[in-house]
Trainee: 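Okay, handing you the structure first.
Small disclaimer: the values here were computed from a predicted structure and weren't measured. Here is how names work: the chains are called A, B, and so on, in the same order as the sequence lines, proteins then strands, and each is numbered from 1.
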Number of protein chains: 2
Amino acid sequence: MATQPDTGPSAEIIADVFQRGCTSRQVLETVTGRWGVLTVAGLRDGAIRFNALRRRIDGVSEKMLAQTLQALERDGIVIREARATLPPHVEYRLSELGERIADRLIGLIEVLEDSVPEVTSAQQNYDARD
Amino acid sequence: MATQPDTGPSAEIIADVFQRGCTSRQVLETVTGRWGVLTVAGLRDGAIRFNALRRRIDGVSEKMLAQTLQALERDGIVIREARATLPPHVEYRLSELGERIADRLIGLIEVLEDSVPEVTSAQQNYDARD
DNA sequence: CATTGCACTAACAAAAAGTTAGTGCCAACA
DNA sequence: TGTTGGCACTAACTTTTTGTTAGTGCAATG
């Protein structure tokens with residue numbers, strides 16, 4: 001996925017997720033981190049509040065959700081909007097980049113959900129062999 | 001991502017990555033685990049031997065690569081072919097399911113690689129604000 | 001002889017995730 | 001009145017996962 005520089009006046013920046021130091025590697029690690037995919041996918045239907053998102057994603061803790069949203073916000077994938085109220089009122093939504101990423105993640109999720117019978121069968125074969 | 005059962009004679013199995021116990025959640029965790037995405041993407045161009053794949057993915061250890069390939073093989077995403085030789089000769093390639101998954105991952109990777117300037121800018125803004 | 005390549009695994013250390021408790025305000029309920 | 005729940009986080013500590021290092025036995029090379 002490395003892009004080659006143009007020989008023209010505006011050279012493209014080379015980005016390559018396979019390279020450890022590349023920013024695209026870091027963003028990949030944020031998006032595919034422990035709760036990244038489900039968090040981005042959970043924002044797919046529009047702005048949502050913190051605890052609603054948490055209830056949407058079975059198994060995530062407040063701590064891990066907060067941490068994940070922070071990292072996604074820092075990378076420009078998620079936008080956080082807070083009101084000066086008590087109790088707090090915070091909404092999260094996807095940026096334009098976040099929407100592009102979410103499209104790809106939904107595609108992946110659909111493939112995985114459709115593949116459950118194949119996977120279950122494969123796991124049984126693998127476990128029976130070892 | 002939950003699919004509703006048909007009312008017809010062949011009901012669909014409900015799969016939902018947002019549910020902790022669902023097999024699709026487990027596969028998602030395998031594919032998007034620490035080295036899962038890069039491993040599947042590294043297999044995209046066809047069968048490859050262990051150390052060639054390791055050299056392809058900057059930063060992965062033999063241990064983590066072996067562990068990742070094992071998990072992917074168990075889920076039916078990767079096929080491992082070993083010859084009875086010394087030194088060992090082992091090749092890995094994607095299954096049909098693995099190919100479908102790789103297509104989606106390549107799409108994600110392309111979005112992320114193209115987004116490096118936006119991300120860099122967003123990170124600087126975020127860090128300057130805090 | 002030592003080194004390299006092959007594809008892993010065992011033992012231990014470091015890093016990340018998970019669990020629990022806490023913050024202060026308001027509203028609802030017993 | 002006191003208690004509970006809701007809100008959106010964070011601190012302190014525990015558990016799990018990842019990373020580092022050493023090891024396996026054979027053949028080829030310098």
Trainee: Could you tell me the separation between the CD1 atom of Ile79(A) and the CD atom of Glu91(A), rounded to the nearest 0.5 Å?
Mentor: 12.0 Å

Trainee: Classify the nucleic acid contact of Arg55(B) as base, sugar-phosphate or nothing, counting any heavy atom under 4.0 Å across all strands shown.
Mentor: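 The answer is sugar-phosphate, as Arg55(B) gets under 4.0 Å only of primed atoms, P, OP1 or OP2.
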
Trainee: Testing the basics here: between Val116(B) and Ala15(A), what is the closest heavy-atom pair and its distance to 0.1 Å?
Mentor: CG2-CB, 3.9 Å

Trainee: Are the side chains of Val60(B) and Leu38(B) in touch, meaning some heavy atoms are under 4.5 Å apart?
Mentor: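 Contact flag for Val60(B)/Leu38(B) side chains = no.
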
Trainee: When all nucleic acid strands are considered with a 4.0 Å heavy-atom cut-off, which category describes Glu91(B): base, sugar-phosphate, or nothing?
Mentor: nothing

Trainee: Among dC7(D), dC9(D), dA7(C), find the nucleotide with the atom closest to the side chain of Arg49(B).
Mentor: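 So the side chain of Arg49(B) is nearest to dA7(C).
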
Trainee: To the nearest Å, give me how far apart CZ (Phe50(B)) and C1' (dT9(C)) are.
Mentor: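 Distance, rounded to whole Å: 11 Å.
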
Trainee: Atom CD of Glu29(A) to atom P of dG19(D): distance rounded to whole Å?
Mentor: 9 Å

Trainee: Would you find more than 12 non-hydrogen atoms of other residues, nucleotides or ligands less than 6.0 Å from Glu96(B) atom CD?
Mentor: no

Trainee: Specify the separation, in whole Å, of atom OH of Tyr92(B) and atom C1' of dA7(C).
Mentor: 7 Å

Trainee: Looking at dC8(C), I'd like to know if its phosphate oxygens (OP1 or OP2) sit under 4.0 Å from a side-chain N or O belonging to Gln67(B).
Mentor: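 It does not, given that no N or O in the side chain of Gln67(B) lies less than 4.0 Å from OP1 or OP2 of dC8(C).
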
Trainee: Looking at every non-hydrogen atom in both residues, tell me the closest pair between Ile106(B) and Arg44(B) and how far apart they are.
Mentor: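 Nearest heavy atoms, Ile106(B) then Arg44(B): CG1-NE, 3.8 Å.
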
Trainee: Round to the nearest Å and state the distance from Arg54(A) atom CZ to dA17(C) atom C1'.
Mentor: 14 Å

Trainee: Search all heavy atoms of Arg20(A) against all heavy atoms of Arg25(A) and return the closest pair with its distance.
Mentor: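 Here Arg20(A) and Arg25(A) meet closest at O-CG, 3.8 Å.
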
Trainee: Does the side chain of Arg54(B) reach to within under 4.5 Å of the side chain of Asn51(B), using non-hydrogen atoms?
Mentor: yes

Trainee: Whole angstroms only, please: what is the CG-P distance between Leu65(B) and dT20(D)?
Mentor: 14 Å

Trainee: Using a 4.0 Å cut-off on heavy atoms, which residues in residues 78-88 of chain B reach DNA chain C? List them by number, or say none.
Mentor: Arg80(B), Pro87(B), Pro88(B)

Trainee: Quickly work out the Asn51(B) CG to dT4(C) P distance and round it to whole Å.
Mentor: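 Taking CG of Asn51(B) and P of dT4(C), I get 14 Å after rounding.
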
Trainee: Please tell me if the side chains of Val37(B) and Ile109(B) come closer than 4.5 Å, counting only heavy atoms from C-beta onward.
Mentor: yes

Trainee: Just the rounded figure in Å: distance from C1' of dG19(D) to CD1 of Ile57(B).
Mentor: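 Answer to the nearest Å: 16 Å.
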
Trainee: Rounding to a whole Å, what distance do you find between Ile48(B):CD1 and dC6(C):P?
Mentor: 11 Å

Trainee: Can the positive tip of Arg56(A) be found less than 6.0 Å from the middle of the six-membered ring of Phe18(B), inside 45° of the ring normal?
Mentor: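 Positive - Arg56(A) is close enough to the ring of Phe18(B) and near enough to its axis.
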
Trainee: State which of dT10(D), dT9(C), dA8(D) makes the closest approach to the side chain of Ala66(A).
Mentor: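 Side chain of Ala66(A) sits closest to dT10(D).
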
Trainee: Where do N or O atoms of nucleotides 18-22 of chain C meet protein N or O atoms at under 3.5 Å, pair by pair?
Mentor:
residue : atom : partner  : partner atom : Å
dG18(C) : OP1  : Arg34(A) : NE           : 3.1
dG18(C) : OP1  : Arg34(A) : NH2          : 3.1
dG18(C) : OP2  : Trp35(A) : NE1          : 2.7
dG18(C) : N7   : Lys63(A) : NZ           : 3.0
dG18(C) : O6   : Lys63(A) : NZ           : 2.9

